[in-house]
Amino acid sequence: MKTLSLFVTGTDTGVGKTRVSAALLQALSAHHSRVVGMKPVAAGTELINGVMSNEDVVALRAASTCAVPPELDNPVLLPDPVSPHIAAARAGVKIDIAHLVACHRALETLADAVVVEGAGGFLVPLSDLETGADLAQALALPVVLVVGLRLGCLNHALLTLEAIQARGLTLAGWVANHVDPAMLAQQDNLAFLRQKIQAPLLATIPYQRVPDPDALRFNLPLEWQ
Ligand SMILES: Nc1ncnc2c1ncn2[C@@H]1O[C@H](COP(=O)(O)OP(=O)(O)OP(=O)(O)O)[C@@H](O)[C@H]1O
Ligand SMILES: [Mg+2]
């Protein structure tokens with residue numbers, strides 16, 4: 001059977017892409033024996049269990065059910081927690097989209113489902129000329145949009161939808177993530193998004209101070225099962 005691959009983007013940085021990708025991996029693992037997360041470009045390292053690591057990469061590995069070579073699930077690891085193009089310039093690294101695509105294709109041979117977490121928001125710069133959208137387009141994967149429900153998210157969601165469509169990519173689904181418990185009119189915002197986004201709502205994630213993926217329910221499209 002062909003490997004299922006998805007590209008997870010978000011309305012901004014810090015909206016819950018990693019939270020959702022990890023939960024999605026867990027939901028997919030009910031249907032696929034080998035699920036693996038991929039963070040093509042990670043910016044920002046810290047000491048985790050005595051090793052300088054990126055927390056997204058660590059979280060995605062913890063949610064994966066098969067171990068893969070680290071140069072495949074995280075080909076570019078940059079020390080500074082800044083925009084990838086700046087982090088790459090500071091590290092003297094050139095981000096090569098063709099190489100990232102080759103790593104993803106290699107992962108597809110090792111797993112039954114691959115969840116790729118993009119960096120930042122959809123148009124995050126990877127170099128002076130290329131963005132995360134160019135990577136998504138080169139990967140040619142269905143996109144999952146994580147909307148972090150907070151003030152400003154409706155504008156961010158509509159802009160991201162336009163950008164996904166302009167690239168000729170398919171929005172396969174979206175996730176409403178309650179990142180701000182103090183946000184006003186959460187249900188009105190959700191209703192607006194449900195009306196505007198044609199793709200299926202895969203999950204609504206409540207505010208959970210401590211992540212509890214077991215408490216979440218994903219409506220996975222049949223072709224992902
Ligand atoms: N549903 C939620 N309830 C409570 N906190 C959340 C929720 N979703 C995300 N968070 C918190 O918000 C922060 C950002 O989440 P996360 O790291 O998943 O975002 P991201 O979009 O992956 O960020 P980045 O752009 O850095 O990759 C984290 O501290 C996370 O624990
Ligand atoms: Mg993340």
Side-chain angles (χ1 to χ4, degrees), residues 4-25 27-28 35-44 54-57 59-60 63 73-76 78 81-85 87 95 97 100-101 103-104 107 113-127 130-150 152-179 189 193-194 196-205 218 220-221 224:
L4 170 71
S5 278
L6 303 168
F7 183 87
V8 175
T9 191
T11 42
D12 200 355
T13 186
V15 294
K17 295 184 304 296
T18 303
R19 208 38 110 96
V20 167
S21 298
L24 193 51
L25 282 165
L28 290 170
V35 302
V36 74
M38 178 186 192
K39 183 84 183 178
V41 179
N54 173 270
E55 63 177 348
D56 288 16
V57 174
L60 294 177
D73 68 358
N74 175 224
V76 178
L78 304 163
V82 294
S83 176
H85 76 297
I95 296 174
I97 287 182
L100 302 180
V101 172
C103 292
H104 171 261
L107 280 184
V114 182
V115 173
V116 182
E117 183 193 339
F122 193 60
L123 285 181
V124 65
L126 298 182
S127 69
E130 291 175 314
T131 69
D134 295 314
L135 171 61
Q137 205 171 18
L139 288 167
L141 299 181
V143 177
V144 171
L145 173 64
V146 178
V147 179
L149 286 160
R150 60 189 184 200
C153 72
L154 302 182
N155 171 53
H156 283 160
L158 295 178
L159 286 171
T160 308
L161 285 179
E162 279 202 6
I164 292 168
Q165 278 162 7
R167 299 279 168 161
L169 292 168
T170 303
L171 182 68
W174 67 288
V175 175
N177 189 27
H178 289 273
V179 283
N189 278 267
L193 289 165
R194 290 184 89 129
K196 291 288 176 189
I197 305 179
Q198 302 302 317
L201 176 58
L202 303 172
T204 300
I205 304 199
F218 272 83
L220 297 180
W224 295 6

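Sequence positions, counted from 1, serve as the residue numbers for this chain.
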Rounded to the nearest 0.5 Å, what separates atom [atom1] in [X] from atom [atom2] in [Y]?
X      : Y      : atom1 : atom2 : result
Leu25  : Glu117 : CG    : CD    : 10.0 Å
Thr131 : Gln137 : OG1   : CD    : 8.5 Å
Met38  : Leu141 : CE    : CG    : 9.5 Å
Leu135 : Ile95  : CG    : CD1   : 9.5 Å
Leu159 : Ile164 : CG    : CD1   : 11.0 Å

Under 3.5 Å: donor-acceptor pair, side chain of [X], backbone of [Y]:
X      : Y      : answer
Asp134 : Ala136 : no
Asp12  : Gly121 : no
Thr160 : Thr11  : no

Do [X] and [Y] have side chains that approach each other closer than 4.5 Å (heavy atoms only, starting at C-beta)?
X      : Y      : answer
Val76  : Leu100 : yes
Ser5   : Val116 : no
Leu6   : Ser21  : no
His178 : Thr204 : yes

Over all atoms of both residues, closest heavy-atom pair of [X] and [Y]:
X      : Y      : answer
Asn54  : Gly44  : ND2-O, 2.8 Å
Val124 : Ala119 : CG1-O, 3.1 Å
Ala27  : Leu220 : O-CD1, 3.9 Å
Ala133 : Leu123 : CB-CD2, 3.7 Å
Phe218 : Ala23  : CE1-CB, 3.7 Å
Val147 : Ala157 : CG2-CB, 4.2 Å

* Asked: Listed by chain and number, what are the side-chain hydrogen bond (donor to acceptor under 3.5 Å, both in side chains) partners of Lys17, not counting sequence neighbours?
  -> none
* Got a sec, which residues hit side-chain hydrogen bond (donor to acceptor under 3.5 Å, both in side chains) with Asn189, two or more places apart in sequence or on another chain? -> none
Output side-chain donor-acceptor pairs under 3.5 Å for residues 169-177, partner residues at least two apart or in another chain, one line each.
residue: Trp174; atom: NE1; partner: Ala199; partner atom: O; Å: 3.4
residue: Asn177; atom: ND2; partner: Val15; partner atom: O; Å: 2.9

* Structure fact -> From the list Asp56, Asn74, Asp73, side chain to side chain donor-acceptor pair (under 3.5 Å) with Lys39 holds only for Asp56
